[in-house]
Amino acid sequence: MTLTSDAPTVPSDAQLAEVALTRDEFASVVQQLHRQPNAVELGILGALWSEHCSYKTSRPLLRALPTAGPRVLQGPGENAGAVDIGDGLACVFKIESHNHPSAIEPYQGAATGVGGILRDVFTMGARPVALLDSLRFGPLDEPRQRHLFEGVVAGIGGYGNCVGVPTVGGELYFDSCYRDNCVVNAMCVGIVEHGKLMRARASGPGNAVLLVGADTGRDGIHGASFASVRLDATSEERRPAVQVGNPFLEKCLMEACLELAGDPRIIAMQDLGAAGLCGSAAELAHRGGVGVDIDVSCVSRRERAMTPYEVMLSESQERMLVVVHPDDVRSVQEVFDRWDLHSDVIGTILERPEFVVRDGATGVCALPLAVLVDGAPERSAPGPPVQRVMTLERRVWQSPWPPGDTLIRLLASPNIGSRKPIFRTYDHQVGGATIVSPGTDAAVVRVHGTRRGLALTTDGNARYTALSPRRGAAIAVCEAARNVVATGAVPIALTNCLNFANPELNEVYWDLHEAIQGIADACTALGIPVVSGNVSLYNESESARIDPTVVIGMVGVLEDVERACSAGFARRGDRIAIVGPVEGSLDATELQRLAFGINQKMAPELDLDLERRVHGFVHDAIEASLLHTAHDCAEGGLAVALAESSLWGGIGVRVDLDIAGEERPWGRSRVDGILFGESQSRFLISFAMEASVQLRELADRHSLPLQEIGVVGGDRIVIDGAMDVALAAARRAYEGALVGGE
Amino acid sequence: MRFGITVFPGTWSDRDCAHAVELAGHQAVMLWHKDADLRGADCVILPGGFAYGDYLRAGAVARFAPLMESVVAFADRGGLVWGICNGFQILCEAHLLPGALTRNGSLQFRCEPSWLRVETQSSPFTAGIASEEVLQIPVSHGEGRYVAGEGTLDGLERDERVAFRYVAKDGSPAGASSPNGSMRDIAGIVNPAGNVLGMMPHPERACEPLLGSDDGMRLFLNVARAVSRGAAFAAPAS
């Protein structure tokens, strides 16, 4: 085929900037093609070589992650990862960012983020059973941040509620580093029978390529390259690069695709996401080692006079590519027709691994898939390794407020306070499977038709990664695992979303490197593989960049969902104990941020061997029915964990930490460290007095300290020598944290 | 007995309703919106969701579905028709029930437990549930605020056609705890003959203690009991 599109010329700097390619990358294109690309090819290459699609910076670093395990059915490289959960079922899940669109248009940015991650899961044949969202914004008392926060929450709810997939969890932080660049990561979890697990690998030259779902418009053109540059004053003008979601169409597309899951007529299925038809068709063909020939004149449009380039790069939502044998086209289309979904045959699978685009009889693009998909030169480190320098200031922090007052202020902090105002706007029950509702540690959903349940969580405290990317990322994995373990589940796999600033800056690059190493450290120690993930770079503006933000989405399996352990105190008279370290410091804590507006010195210590033993203890204790509740101690430390368990259970607590009389200055800081320090690897557990001896023996077997600290009861939070707070006052602070005044 | 469950594009409580029906020991069959066939259902459930996307007004498009003609005819013959959430909205749009469901007073979607007092004994759906009992059944909707003219509301009260009213957990008037600000705290109503029920809360989500409540199961069992008695109601749909 002869290409008759615009004659190739050497592009100007402005033209290269438009497609987000560097001059070096352009030279590499020419060298690999042995010719100049034409304008359409250049645009397509720009999209597929963008960081968002090619992972050119992160790919070499991501190789450090452990991805294998006995349960892994599908690791990274497909639309989502898949792990065995027993009974012939697989859990399919992935997390993905939609930061850049959400910063420009929060409602649609977040809504289409949810839509995209849902498609990644049902493309694999799995019925989505849960959504989770990890969100980061600037300070909530700033009007623009509240606008972004409320828009994102409304977008998540608007899409998820309409599609009918429950939003069961997630987390939320506010920090000034996200003022210009919010973080919106959405995770979807689905379930499928092993035999129906589908993959996006085209095969069979001559097979037909169907485009199903929405008509194609100009929305979202350049979305992939948009997500691969930093936001600046012109970003608002890129609003057309933000897509608009139609959850109703998604619901129909989902039901039709699930009807076809496992159907032998379906050779491959791939949703359209970043870089639209280009990205999806290229990946689909490349994974299968074949080529694809697409005729843009066959693509149904919703706008007039779209160029082939626009059709190929449109990121119109709710579209799917399906590869079928030509004889099956009609019968497969009938399934889509039944759901009133439009479908067109837009192309053919080729034997030679080439990416061909034509407009009727006119050829507009012919690129080798190896160049298009794998050709982007991997980026190496911009400079020699750099480590974050820890502030070795000798100051020992203590709270400026008395302990009771400090607790109330922490509970009222938007980073700690009740998430109920958000979760009540999400349908978290549809599907009839939500056993542990959102708002405590991990959510638990049952697996219909079995006794099992899945424990689901997302976690990642960027205060720790900001100070030590490696340790902070390992902590994120451990914290996610702790939340899963607290329900009685065994963590089986994770997905990660790495949100960083511009990796062309040496320190950002090495932060990313270190964070990935940290994830690998923890995964190896805990035996948890990484099965999917996403990298979002260039989260920075002209004046600020976000702290390294690692979000871990984790899945655990509970053998008997009826025995799921909860975190809110259950019975008056129960004993309370801490498993793991008791002492701590105020470095890098929520209290440090709240009281002094800083984040200094060290991320909390992390001993991965201790972590593993603590998990083993909690798991064994729940399995032996020794515990009534288990709760992970996280932001705000032990005092906040005690208050949360009290508030969730509606019962007070009386604790003696043997800290009365610590009057001297060093004593006061020690008390604050015990109460509000964020030491890792610990749980707050409650149990019947009779279980005490057995628990002590169990702790000994795991070589762990177990310190009994108090009793559940009353309607106050009492820590002898430190605080006496009415539960009602704590509740007022906690429940008001996110409620805005107009 | 056999429950028919309507499936419009955008319906999402169909599977949950089928699960509840099966837990109650009965058969569930799905009724596709393009078909007029009620497949011999003894009771038709219109479940929750966003039928046809509900981009216009909740239920406004669904009432024109081919299936709805059969549902209306079935109801007119005395057949049991049960609209839940989006189903209630559709029944109002189809004029099987009076009034309308509008945007929640909070202007936000609400998914949370609600507490209901049964206000009529004259409907087979609620027969035998005493008014001093408080049922815990969750809501999940953005447009559940029941509104109607004063005359209609007075008529509903007078004829004992208010099926459920939102109350506080202890059974006292809902006040600020109403999930949507419905007029007179109305959560569900029946037609004059008592064979058509519309309610915003989701009883199918309250059929197992594991999910937090099994109060909803009492309604499913009530329907089954009414059908087995049979006398007052229509023969199964053809």
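Order of the sequence lines sets the chain letters (A, B, ...), proteins ahead of strands, with each chain counted from 1.
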Between B:Asn222 (side chain only) and B:Ala127 (backbone N and O only), is there a donor and an acceptor less than 3.5 Å apart? yes
Pair B:Phe125 and B:Trp82, ring centroids less than 6.0 Å apart: yes
Relative to chain A, which of B:Glu112, B:His202, B:Arg205 shows the most heavy atom pairs under 4.5 Å? B:Arg205
Please test B:Phe220 against B:His26 for ring-ring contact (aromatic ring centres under 6.0 Å, His included), starting from the C-alpha separation and ending with a verdict. CA-CA 9 Å; B:Phe220 285 89; B:His26 298 284; 9.5 Å; no
Between B:Asn104 and B:Ser106, a side-chain donor and acceptor under 3.5 Å: no
Under a 4.5 Å cutoff for heavy-atom pairs, which residue among A:Thr434, A:Val165, A:Thr425 has the most contacts with chain B? A:Thr425
Just by modelled atom types, is the B:Cys17 backbone N or O under 3.5 Å from a matching donor or acceptor in the B:His19 side chain? no
B:Glu204 versus chain A, the contacting section by heavy-atom distance below 4.5 Å: neither
Strictly below 4.0 Å, N to O, side chains only: are A:Arg119 and A:Glu250 in salt-bridge contact? yes
Any carboxylate oxygen within less than 4.0 angstrom of a Lys/Arg side-chain nitrogen, looking at B:Arg57 and B:Glu93? yes
Side chain B:Arg2, main chain B:Val29, donor-acceptor under 3.5 Å: no
Using a strict cut-off of less than 4.0 Å between a Lys/Arg side-chain nitrogen and an Asp/Glu carboxylate oxygen, indicate whether A:Asp427 and B:Arg110 qualify as a salt bridge. no
Contact winner vs chain B - A:Gly157, A:Ala433, A:Pro247, A:Cys252, heavy-atom pairs under 4.5 Å: A:Pro247
Between chain B and each of A:Gly164, A:Cys162, A:Gly158, A:Ala154, count heavy-atom pairs under 4.5 Å; write down the option with the most. A:Cys162
Do A:Gln333 and A:Ser343 pair up side chain to side chain, a donor and an acceptor below 3.5 Å, judged on atom types alone? yes
Pick one of side chain, backbone, both or neither for A:Val436, based on which atoms fall under 4.5 Å of a heavy atom in chain B. neither
Which residue out of A:Glu562, A:His448, A:Met254, A:Arg446 racks up the most heavy-atom pairs below 4.5 Å with chain B? A:Arg446
Taking atom CD of B:Glu69 as the centre, report whether more than 12 heavy atoms of other residues, nucleotides or ligands fall under 6.0 Å from it. no
Applying a heavy-atom distance below 4.5 Å, give me the residues of residues 7-16 of chain B that approach chain A, sorted by number. B:Pro9, B:Gly10, B:Thr11, B:Trp12, B:Arg15, B:Asp16
If only atom types and distance count, is the side chain of B:Asp35 paired as donor or acceptor with the main-chain N or O of B:Asp37 below 3.5 Å? no
Residues of residues 133-145 of chain B near chain A, each having a heavy atom less than 4.5 Å away: B:Pro138, B:Val139, B:Ser140
Passes side chain to side chain contact (heavy atoms under 4.5 Å, CB included), B:Val227 versus B:Leu80? Steps please. CA-CA 8 Å; B:Val227 168; B:Leu80 290 175; 3.7 Å; yes
